[in-house]
Each structure stands twice: as C-alpha cells, then as structure tokens.
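A quick note: this is a predicted structure, and the numbers were derived from the prediction, not measured. The chain is numbered in sequence order, starting from 1.
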Amino acid sequence: MDKYSYLGNADVVAIEELFQQYLKDVNSVEPDWRMFFAGFEFSRENYENGGEIPSNVKKEFDVVSLINAYRSRGHLFTKTNPVRERRKYAPTLDIENFGLSQADLETVFQAGSQIGIGAAKLKDIISHLQQTYCQSIGAEYMYIRNPEIIKWLQEKMEGSKNTPKFSTDEKKVILNKLNQAVVFENFLHTKFVGQKRFSLEGAEATIPALDAVCEKGADMGIEDFVIGMAHRGRLNVLANILNKTYKDIFTEFEGRPSEDSLFDGDVKYHMGYSSDQKSNSGKQVHLSLTPNPSHLEAVDPVVQGIARAKIDNLHKGDHSKVCPILIHGDAALAGQGIVYEVLQMSQLDGYKTGGTVHIVINNQVGFTTNYLDARSSTYCTDVAKVVLSPVFHVNGDDVEALVFTARLAMEFRQKFKCDVFIDVLCYRKYGHNEGDEPRFTQPLLYKAIAKHPNPREIYMQQLTAEGSVSADLAKEMEKNFKNLLQEKLDEAKQTEKAKITSFLEGQWKGLKMAENGAFDKSPDTSVDKKAFLELAKKTVELPKDKKFFNKTEKLFADRIAMIANDNYDWAMGELMAYASLMNEGHNVRFSGQDVERGTFSHRHAVVRVEDSEEEYTPLNNLNTKGKLDIYNSLLSEYGVLGFEFGYAMATPSALTIWEAQFGDFFNGAQIIIDQFITSAEAKWRRMNGLVMLLPHGYEGQGPEHSSARMERFLQQCAGNNMQILNCTTPANQFHALRRQVKRDFRKPLICFTPKKLLRYPSCVSSVNDFTSGSFQEVIDDTTANAKSVKRIVFCSGKVFYDLIEAKEKTGTDDVAVIRLEQLYPFPAKQVKAILSKYTNATAFYWAQEEPENMGAWAHIIRMFMKHDETKGIQLNYVGRNEGASPATGFSKSHNAQQQAILDALFTQALVQSR
C-alpha cells in the first residue's frame, strides 16, 4: 500500500503529486487511484505537454479532500449526544470550505470510487459520508500509522455506511437484553429505596453492547473474557451478562452476613464473579468479572495480568482465545494516570494481551464535576491515541448503532490484536449514587434528563414504528421479567446467609484457605543434593558457540568457582530457587525495572551475546519442566505491580515476582498494595501468592535509596494476611521463595532484599544449606556461648552483619545477636524456643537502622506484648532517632549515625558492664 492510501485532510498537493506519478506510470499507483484517475475525461496529451491541470481534475481533487475531511473530522459533527447540544467546531464540513459550490452537487465525480460507490453525484457522495461519519457513530482513526488498518476500517464503515441492518430476530435479542437492563434497574430502585447501587440508568444500552461483544467474540474463537469495571452498572453486568442469580444479588441487598464468618466482605458493587456461559451460537465461554476497590481504574492492570496468565498457561500463548474488557467512566478515563500506564504496556512483549476492548460509560459528569472541568482534551478517550487505537463515539440512545459498533470493535480486535475504544455518550439519571442530589451542581442538565425517555422506550418506539415488534410484546416482556425478579426477591428475603462463591476451582484446585497453625512451622523446601549440583552447573554454563562480553564471561567463571568452593552468593541462591522450582514443574514469572540484569548488576538472568541484540537465558536451557519468563518492565510501579498481582491471581502454581528498582519506589504502586495485596483475601476471599522484592538497607545513599518503608507493610499486617521477610542469607531466601509454592495455601510475600550483601564476603551459603531443612523464621547467634550471654539483641536484615562484626571487633562475649528473618506472621514460638537456652539473659534490645518511627520497631514491640510466648520480655530500642525523612543525604552523617548504633550496643554497654 502506498503512502497516499490514507491521505490526510485537504492534501491537494499530495494528490497532484500522485496524479503526476500516475501519468508517468499507470501501474505505479494503487488500483483504487488508478481507477480514479482513469475516469477523467481530459486531454492527457495536453497536460503532458505542459498544459495546466484541467478544472474538472482540480474539482476531483477537491472532492477527495472533502472525503478525507469527513474521515478525519466527521466525528466532530455527529449526532452522538442524547441530552446536550454538541460543541461547535470550525472549520465545518461545508462544501464551500473545499473549493466546491452548490452548483457542483449534480456533477458526477470519479472520487466516489474512493468510498466504494463508484462515480457518483457530489450530493450522493456527501449523503454517503454524512450517513457514515456524522450520525449516531463518530469514528476517530485517521491518525493510525498502519495503512492496512485504515483501509480495513474505511471498507468496513463506508461499505456499511456505519448503519446496522439487523434482522427481526436480532432486533428481538437486542430488545430482550435492553429490557433486562432497564427493568432490573427500575426494580432495584423501587424495592430498595435509598440503597446505593450506582445505577446504570441512562446507559442501559451498555448491556446489549457488552452482550454483543461477548457473542461476536465467541463466534470468532474467544473462550475467556476477563472484565474489569468500576461500580456504576456493575450489578447489572453481574446479573445480565455473567448471569449471577438475581436471588444472590437481592440477598446482598438484604444485608445478610456471609456464609464464611472469617470473611470481612465488601460492598455488593465491588465483588467479583465468574461463570461459564453458552453463546447464542452454542459456543462455550468463560466470563469473569474481577473484584475491584473504589479506586477508579485500579483494576485495569489486574485484568491485564489475569488475561495474560490465561493466555500463557491455558491457551499456549494464543492471544485470540482471551479478551480483556475494561469498562470505564469518562472522568476516570481522562483523569487517572494508571490508564496511560496500562496502555503503554499493551504492545510490550512482557504484558501484551492481544488487545483490550474498552467501553466508556460516558455520562458527561464526574460525581459533581462537569466534563469541561474534568479534562483539557476534546474527548475523554484521547489517551487512546497514544497507542493509535481507533475510537468510536456512539449515541447511547441508539442501541442498534451501539451493538453494530460493538461487533465491529471485536472484529478489529481479533484481526489486529490492538486495543479499541467505544465511547458511549449517555447520561446518569440520578446523582453519583441514588441518595445524591445532582441538581445542586448540574441543574440544566438534570432538567433535560428528567424529561428524557430511557433507551428501552426509545427503541420500542422505533421497533413498533417499523413493524418489527408489537407494543403488546414489549409489555409482555416487561411483565414477565418483573414477575421473575419479584419471585427471586421473595426467595432472597427467606435466605439467612449471603452466598460466597468458591474460587478454589480450576487453577486453584487442591489449594485451601490457610488454617490456624499454618505458620507454626515451615514445610521442608530442601532439594536433593545431586539434583541441586547438576542444576547449579548447568545454570553457570555459557554456550561455547557464542561470544559474550568479557565481564559476562568473568562473572560466570566466578559462579563456577562458587560451586567448586561451596560458597554461593545471593544471586546464585536466588537463581537456584528458580531453577529448582522449574525442575519440579513450576513456572516462574518475574518482571520489574531492570530485573534481567538486576539494578545492582547481580542477577544476570539474561545475558547478551557480544556485539548483538541476541539474548541468552541460562535458566531456560536447563531442560526443566517449567520455564522462566523474565521481563524488564516499563518505568512504572503502579501498572506493573497491578499486572503481576493479576497474573498471580490466575496462576497459583507458578512463582510470580515483582521487583522494585529500589525498594523506596514501591509507593508509586501504593494503591495496589493497600487495595489489593494486603486486603484482597479479607474483602473478596481471594488468595494471592505474589512475591514483592524490595531492595532495602542503609548504606549512605540518601533518603530515596535507603528505605522500602517496612513500617507501612507491617502496619497493615493482620489475620495472617501476608508474609514480611528480611532475610540475611542466600539459603534462607532460597527456602523462602520455594516455600511460596510448596504450601497448600497462598499469601503475598514481601521480601526486603539486600544491596550491600549481594557481594558481601560473609553473606554466603553452602550446598548443605540448600539441600537440607527449610526456611528459618528466626536464626540464632551461632557465635554465642549461651551461659555467658546477659544481653540479647534482636534485629532483622543487613544490620545483622554490622552488629556481629562490631561484636567480634570489640571482643564482646555476653551478647547474642538473634535475627528475625520473618517479621510477620510473628514467629513467637520460634523466638521462645531460642530464648529458652539463654537463661542468664537479663536485658533485651531491638536494633534497627531505620529511624525510630519507621522500620519494624513499632510492630515488634506490639508483637512482643501481644503473644504469650514473648509478652514478659521488656524490649529496649537502639537505632536512629525519629525522623521525617527516612535517611540523611550526607555520607558523614550516615556513618556517624550508624556507628552510634553499634557504640550503644557494644562500646558503651561494654564499659558499663565492666
């Protein structure tokens, strides 16, 4: 396809250039243009001999410019707003703006071939363009840089004039879904007066549109739909798309407690659901609606992660079998930055899902904020242009146009594997919720809305006028559906407990919710020694037929020496955890910023062949049952962490990891942590085994590169909702990672990982540490003589090495330094067991690098007081003073503060004890 196949608005010069190209060689232009130029009746010889372009040819060029103007700007002049006058835009599409006049309307122009109608009168060309681009559907697509996509869209839209031609049976199906949507909302409004439900009223046509997306998708081979949406219209989608029973929904409205007393629950319009459905054509499909918080658009990356997990693990990488659907609000789509992050992920190898269908419930107001105050862009969907996605703006009162667009969008997604947006221009009948008064802030709009018929009434008038259905049929449909709803409501009133749908099926089969005592002892996670050594040797092999960078070869030579010397550093311990799990059939997925090499150049899980872009991944050349998928992410925390949470949600048998570049940066994803990771099980009864690796440690790198804000995670610990670790040996980290998939339940794992210790000479483990035992929640001081110990110092993480070295340097023999490798769930029994040997100890300390108001101190003192095994111990604090900033930016200050901690425990205490 040549560069002129999608000429922009009024590009007459370019058309003339193309015409001259045609005159030199008729075969040098596309067939459409060849036909267009061949239709001219003028003296070609005259023009070739230096004459001017004939006036009729110039007119043809003007008509082509008019056509391209409709294609690129027709969306500005549509009839897409059901309750407001559209804003005025200039210049208009009046023919006078294109060098044409009323006198040209009866003239036949070859330019008609450009829109598929052949030579035609100008008035007929305009009529065709008006019907295609300026009625109930407005299309934005001319910015797309792929000529094939543009041509496909033009043929689809101009060939049909963007005008649906449904059969009577198809219209009845549409009416039935619209009837369900409207009557369901009306029923809730009358039966549960004053209750929040975030009604879909004003946008009920979304239900038949969503149904059309799923039906068309099923016909085109999709087997899994993963849906994410906010609260507005959620109950309607649950009832009329996922077929959650009306009885169960009404029971939730009755406020009944759940069947599971340990389940805190969430409001009804946040809950998730999944179901297997049979399409109208008999295709089996699975639909799932992801649970979500009130934080708008936060669910978007989670949906993408779930979809990608299904693609990778259930459908062998076939993107055409799974389709994410995201339903947005207009204000959130324009205002929430996570939308941009997720779109930037959409075509990346590590995150793409084959294209998302975006449906925007554009009710033209955000809570109380007018759309003019909610964005600077023309449309709420303008973010779609970042990834060159087509956008269809559709009048929400024209249900047939919306269903037509939904089918077209699904065809587009399946063919091009790209995102597509449907902007449903509609309205919100009530306020933000049913108890809110919208006339405080939008009096004129709500005066118009009050008089406006609902989409079902509008469609019924249309169908009866054209004779497709009778008015009696519509009344019968409404009556029957209301009777059904009343019957289910009566049943719900008799129900004692709200039903909680089990998710321990499919990929989760064989797992269970954690029981009391689940954390008392870690399972055996050792690996057979022979198998371990075989894997280790393969892990450090580089293919001899490839040339690698000298430093890469040295690094792998050093790893070979580690095996020979039986001293495995942090990177080797970590890589062996992955290799051993893969050998046992578990997949490992790992993403984050710079994770392939590692921020601190320690991992090198992927290496480059010298002077090329070829990559080599040693762990994927071990001939294991499982595989490693490791991806350097885009520079995003929020989007990527949400994605990996979703991925882990759908693949409990795999080890799914997200690593922060520095632990300090995790708070860019705070919403995912607060609303999903820490609370999903309590709110939605959904387990998740995601691992977060957060580099943490005070080494003089300043306030932005020292602290992963341990205190924030610990503050949210309750009910064994997650695991917080701060390991000090490669082997213990190895066992922690293996433990994550060797238990029969799943919990998020937050690992505070070292920086300094990655290459620290004493931070190594032997092969026996990996091939025996299990994760150690608490590690005793092996250098201490129990009878001599009078003081016990508890600590966690990298500061242990500073403490133990200071102890050795000062010759202190009455101190035992005990490491809490697991901070939560608090290992009270293990602490008690170790303390039982120190019968002469009289003083107990907690030492940390972080300021007093940060780190683990507040958590530790609370845990010691809470548990019977430790409540009699009076802990004293040793560490930095409280601070507003996590760390100083001055290296001398840092060193002085660090030394003061050591002096307080050893030098000063030593003097006092003597």
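Looking only at side-chain heavy atoms (C-beta outward), Arg73 and Met142 stay at 4.5 Å or farther from each other. Residues Asn162 and Lys156 form no side-chain contact, since every pair of their non-hydrogen atoms from C-beta on lies 4.5 Å or further apart. Side chains of His315 and Asp224 form a contact here, defined as non-hydrogen atoms less than 4.5 Å apart.
Checking side-chain atoms of Gln414 against main-chain N and O of Glu411 turns up no donor-acceptor pair under 3.5 Å. For the pair Asp373 (side chain) and Thr369 (backbone), a donor-acceptor distance under 3.5 Å is absent.
Taking the ring axis of Phe548 as reference, the NZ or CZ atom of Arg608 does not stay both within 45° of it and closer than 6.0 Å to the ring centre. Geometric assessment of Arg597 against the ring of Phe549 yields a negative cation-pi assignment under the 6.0 Å and 45° thresholds.
When the shell of 6.0 Å around NZ of Lys59 is examined, it contains more than 12 heavy atoms from other residues, nucleotides or ligands.
Applying side-chain hydrogen bond (donor to acceptor under 3.5 Å, both in side chains) to Thr353 and the options Arg308, Gln347, Gln304 leaves one that passes, Gln304.
By the 30° and 60° cut-offs, the orientation of the rings of Tyr351 relative to Tyr631 is tilted. Relative ring orientation between Phe416 and Phe412 is described as tilted, the plane-to-plane angle lying within the 30° to 60° band. Taking the six-membered ring where tryptophan is involved, the planes of His393 and His75 are tilted, since the angle between them lies from 30° to 60°. In this pair, His328 and His358 present their aromatic rings parallel. The plane angle is below 30°, not in the 30 to 60° band.
Under 3.5 Å, the side chains of Asp419 and Ser389 contain no donor-acceptor pair of N or O atoms. Judged by distance alone, the side chains of Asp423 and Asn362 do bring a donor and an acceptor atom under 3.5 Å apart. If you check the side chains of Gln593 and Ser633, you find no donor sitting under 3.5 Å from an acceptor. A donor-acceptor pair shorter than 3.5 Å cannot be found between the side chains of Glu158 and His128. For the 3.5 Å distance criterion, the side chains of Gln131 and Thr163 qualify, holding a donor opposite an acceptor. Asn81 and Gln364 form a side-chain donor-acceptor contact under 3.5 Å, judged by distance and modelled atom types alone.
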Quiz item: Under the side chain to side chain donor-acceptor pair (under 3.5 Å) criterion, do Asp169 and Ser167 qualify, and how do the steps go?
Solution: CA-CA 5 Å; Asp169 287 343; Ser167 68; 5.3 Å; no
